[in-house]
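We use all heavy atoms of the structure for the numbers below, so side chains are in, but hydrogens, waters and symmetry mates are not. In what follows, every chain begins at residue 1, and chains take the letters A, B, ... in the order their sequences are listed.
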Amino acid sequence: MEWHAEKERVILRNVAQFDLQQTFECGQCFRWRRLENGNWLGIVRGRVVEAEQAGRDIIFHNTERSDFVRMWHEYFDLGRDYGAVQRELSRNDPVMKEAIAFAPGLRLLKQEFFEILISFIISQNNNIPRIKRIVECLAQNYGRPVVYREHVLYAFPEADVLAALSEESLRCIRAGYRARYIIRASRQVHALDVDALGKMDSGSVRQALLALHGVGEKVADCVGLYSGLMPDAFPVDRWVRRVMETLYPESGTTNEAIVAFARRKFGPLAGIAQQYLFYFARENRIGMDNPGSEAASSTD
DNA sequence: AAACAGGAGCCGG
DNA sequence: CCGGCTCCTGTT
């Protein structure tokens with residue numbers, strides 16, 4: 001991949017397998033938002049970046065060479081050859097081939113650990129619009145404001161800030177019973193050495209995550225996968241269960257059977273495989289009770 | 001209109 | 001293994 005830096009922006013030329021919309025809307029992140037000009041605005045580790053899809057190029061505004069090398073290259077997983085990943089996953093698998101063809105530009109982001117931890121604690125037994133609202137509200141109340149042009153964005157709050165809150169004060173974000181989990185997990189997290197976790201195998205990382213309050217198996221797998229600590233994780237929730245039942249009927253019906261099937265079939269690429277499948281299935285309403293009801297139900 | 005069900009699960013008994 | 005949990009939304 002070739003790229004070059006200019007003053008206040010970095011340009012990727014002739015990018016392969018990188019589509020901003022697919023990457024931001026496949027369900028792995030909650031805070032990127034689309035501007036009226038079609039560009040995407042995000043804040044990561046307190047840095048604001050505006051990403052623009054310009055034909056075969058991608059332009060990152062409000063950043064420069066050192067920032068790009070230090071953060072964004074890793075965040076967008078630019079060191080990975082997604083062409084090779086796709087060839088490997090598609091081999092002898094027509095289902096996966098179709099899922100990849102649906103969103104060939106999807107990339108697995110490597111997101112900030114604490115932000116992902118809290119976001120996926122909030123996600124439990126919840127729906128995406130409300131998850132986004134709660135996460136944004138949390139940032140606005142307890143994160144540092146950063147001004148970018150006419151926008152004000154808020155960095156995700158620091159763990160010690162959330163750890164100092166009472167359940168009472170957190171009521172304002174309307175997270176319900178998850179407020180208690182947010183606070184308790186924030187208090188536990190300083191005891192975790194994230195750099196050390198990065199050197200451990202997925203099973204050990206998972207165990208460490210499961211010790212956090214409000215983190216069960218599904219949330220642990222999401223946190224591990226999206227923070228880059230467990231690239232082979234295969235989070236199974238109600239959606240994935242239904243989707244796998246439809247697309248891979250031989251995978252079984254229990255969570256354990258599905259995970260075992262995924263591990264056997266996708267190996268170390270299970271994480272990215274799940275992302276292709278999940279996005280493909282959700283956008284095409286595969287495995288849902290009312291296939292195709294989206295268009296039909298919109299007419300009163 | 002008011003009641004009801006269900007949602008990216010997890011905790012405690 | 002099971003009831004309960006906050007809050008919100010869509011349905012009846």
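Using a 30° and 60° split on the angle between ring planes, A:F60 and A:F18 fall in the tilted class, from 30° to 60°. Aromatic ring orientation, A:Y75 versus A:W32: tilted (interplanar angle from 30° to 60°).
Residue A:S119 is the one, among A:V215 and A:S119, whose nearest nucleotide of DNA chain B lies closer to the 5' end (criterion: closest heavy atom).
Contact footprint of chain A on DNA chain B: nucleotides with an atom under 4.0 Å from a non-hydrogen protein atom, first to last in 5' to 3' order, B:dG7 to B:dG12.
At a threshold of 4.0 angstrom between heavy atoms, the contacts of A:V240 with the nucleic acid are absent. Residue A:R184 is in sugar-phosphate contact alone, with no base atom involved, counting any heavy-atom pair closer than 4.0 Å across all strands shown. A:I134 comes within 4.0 angstrom of nothing in the nucleic acid, heavy atoms only. Contacts of A:L212 with the nucleic acid, taken as non-hydrogen atoms under 4.0 Å apart, involve only primed sugar atoms and P, OP1 or OP2. Counting non-hydrogen atoms under 4.0 angstrom, A:Y226 reaches nothing in the nucleic acid.
A stem is defined here as three or more consecutive Watson-Crick or G-U pairs, each with both distances under 3.5 Å; for DNA chain B these stems are B:2-7 with C:7-12, B:9-13 with C:1-5.
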Hey, what are the protein-to-nucleotides 5-8 of chain C N/O distances that come in under 3.5 Å?
from	atom 1	to	atom 2	distance (Å)
C:dT6	O4'	A:Y177	N	2.9
C:dT6	O2	A:R178	NH1	2.9
C:dC7	O2	A:R130	NH2	2.9
C:dC8	OP1	A:R174	NE	2.6
C:dC8	O3'	A:R133	NH2	3.2

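Using a cut-off of 4.0 Å between Lys/Arg side-chain N and Asp/Glu carboxylate O, A:R242 and A:E245 are scored as not salt-bridged.
No cation-pi contact links A:R263 to A:F261, judged by a cut-off of 6.0 Å to the six-membered ring centre and 45° from its axis.
Comparing the P positions of B:dA8 and C:dC1 gives a spacing of 23 Å, expressed to the nearest Å. A gap of 16 Å separates the C1' atoms of C:dG4 and B:dA5, to the nearest Å.
Side-chain contact check for A:D201 and A:S204: at least one donor-acceptor pair (N or O, by modelled atom type) lies under 3.5 Å. Under 3.5 Å, the side chains of A:Y279 and A:Q28 contain no donor-acceptor pair of N or O atoms. Between the side chains of A:E50 and A:N62, no donor-acceptor pair is found at a separation under 3.5 Å. A donor atom on one side chain and an acceptor atom on the other are not found under 3.5 Å apart for A:Q22 and A:R107.
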Practice prompt. Starting from the C-alpha separation in whole Å, work towards a yes-or-no answer on ring-ring contact (aromatic ring centres under 6.0 Å, His included) for A:F30 and A:F120.
Written response: CA-CA 10 Å; A:F30 300 110; A:F120 279 89; 5.2 Å; yes
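Around atom CZ of A:R80, more than 12 heavy atoms belonging to other residues, nucleotides or ligands sit under 6.0 Å away. Atom NZ of A:K265 has more than 12 heavy atoms from other residues, nucleotides or ligands within 6.0 Å.
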